[in-house]
Amino acid sequence: MAETREQRLRRLGRLRRAFRRWVVLGAGLTGAAAVLTPYAGIGLPDAAWAAGAGVSVALAVFRWRDYHALAAEPLPPERPQVGAGEAVRQAMRAALTANPLARAAVDEVGRRAERRKYGGTAAAAPMARLGTAARTLDDVRAGTRSEYVDEALAEAADGERALRDLAHRLLTVEKASRFAGPDAAPTLAAAKQTLSGQLADGVSTYERLAAATAAAAASGAGTDTGAQYRLTEAADRMAAFAAGLAELREPAS
């Protein structure tokens, strides 16, 4: 699955914010080392301060180079405009989700359909957890958000789509294993184990992102540097997981 224009812009934004974050951290550690070292000479704690400052500065340089290298690449084309029918469906979904009662009803219908779809399969428990985490992010979307929270919500949406696609693939493998012959059974069993592990890991990553996003929205990620760091780290992990799944699905050339 090729990278979209929106995903590229989000990657650029993450690299730019990572550069600023490491610059601030490196400057703080450098200043601390410069101030504290003369008091007791060079010791093990001072070496730790200095090493942390050096690593932070080096990472800032790497992020800056990564940002410029990515910015030099042409942006992917914009997504094609949707047809009239799809536009109407999107407008209806937007109108429904704007109303809390209607959104709750739509979500409940979706949850029941999902329980029926995955009930009794290896994807049932992970998808139930995914639904719970997704509802947490729905509550965050309804409130006041910062730039960091909006970025995390966009990464969460991409990750959720990737995880649902992964669950569908797992369901397909399970269905195929019911009528597979003895020759194909070992291959399908190995595929089921691999997909189950990927789904469990991905849902755990999504849950960490949901928790970090909710915490950042509650505390105000625009002013809390620690919340910014945790939120950006969780979003990066989710983006890396979704990108990894996309690469696995790319046909070999």
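Because the structure is predicted, anything quoted here is derived from the model rather than measured. FYI, side chains are in, hydrogens and waters are out, and symmetry mates aren't considered; it's all heavy atoms of this structure. Sequential numbering from 1 along the given sequence is applied to the chain's residues.
- A salt bridge is defined here as a Lys NZ or Arg NE, NH1 or NH2 lying under 4.0 Å from an Asp or Glu carboxylate O, and R135 with D138 fails to meet this definition.
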Chi angles and distances behind the side chain to side chain contact (heavy atoms under 4.5 Å, CB included) call for Y206, L137: CA-CA 10 Å; Y206 186 92; L137 291 180; 3.3 Å; yes
Under 3.5 Å, sequence neighbours excluded: what are the donor-acceptor pairs made by side chains of residues 181-188?
none

Test log, rule side chain to side chain contact (heavy atoms under 4.5 Å, CB included), inputs R237 and L209: CA-CA 8 Å; R237 288 181 178 177; L209 175 57; over 6 Å; no
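- Annotation for M238 and G159: closest pair CE-CA, 3.9 Å, computed over non-hydrogen atoms.
- Taking the side chain to side chain contact (heavy atoms under 4.5 Å, CB included) definition, one finds that D201 meets it with nothing, sequence neighbours left out.
- Closest of all the heavy-atom pairs between L231 and A216 is CD2-CB, 3.7 Å.
- In this structure, the separation between OG1 on T194 and CZ on R169 is 10.0 Å, given to the nearest 0.5 Å.
- The neighbour count for K117 NZ, taken as heavy atoms of other residues, nucleotides or ligands under 6.0 Å away, is above 12.
- For A167, the side chain to side chain contact (heavy atoms under 4.5 Å, CB included) test picks out Y118, A123, M127, L199, with sequence neighbours left out.
- A heavy-atom distance below 4.5 Å is found between the side chains of R164 and L130.
- With values rounded to the nearest 0.5 angstrom, T205 atom OG1 is found 11.5 Å from Q198 atom CD.
- Atom NE2 of H168 and atom CG of L163 lie 14.5 Å apart (nearest 0.5 Å).
- Listed by chain and number, the residues in a side chain to side chain contact (heavy atoms under 4.5 Å, CB included) with R129 are V203, S204, E207 (sequence neighbours excluded).
- Remark: R141 CZ to D150 CG distance equals 10.0 Å, nearest 0.5 Å.
- The shortest non-hydrogen separation linking A212 to A234 is CB-CB, 4.1 Å.
- Not a single salt bridge (Lys or Arg N to Asp or Glu O under 4.0 Å) links R208 to another residue, sequence neighbours left out.
- Among residues two or more places apart in sequence or in another chain, the side chain to side chain contact (heavy atoms under 4.5 Å, CB included) test is passed with A122 by L170, E174, K192, S196.
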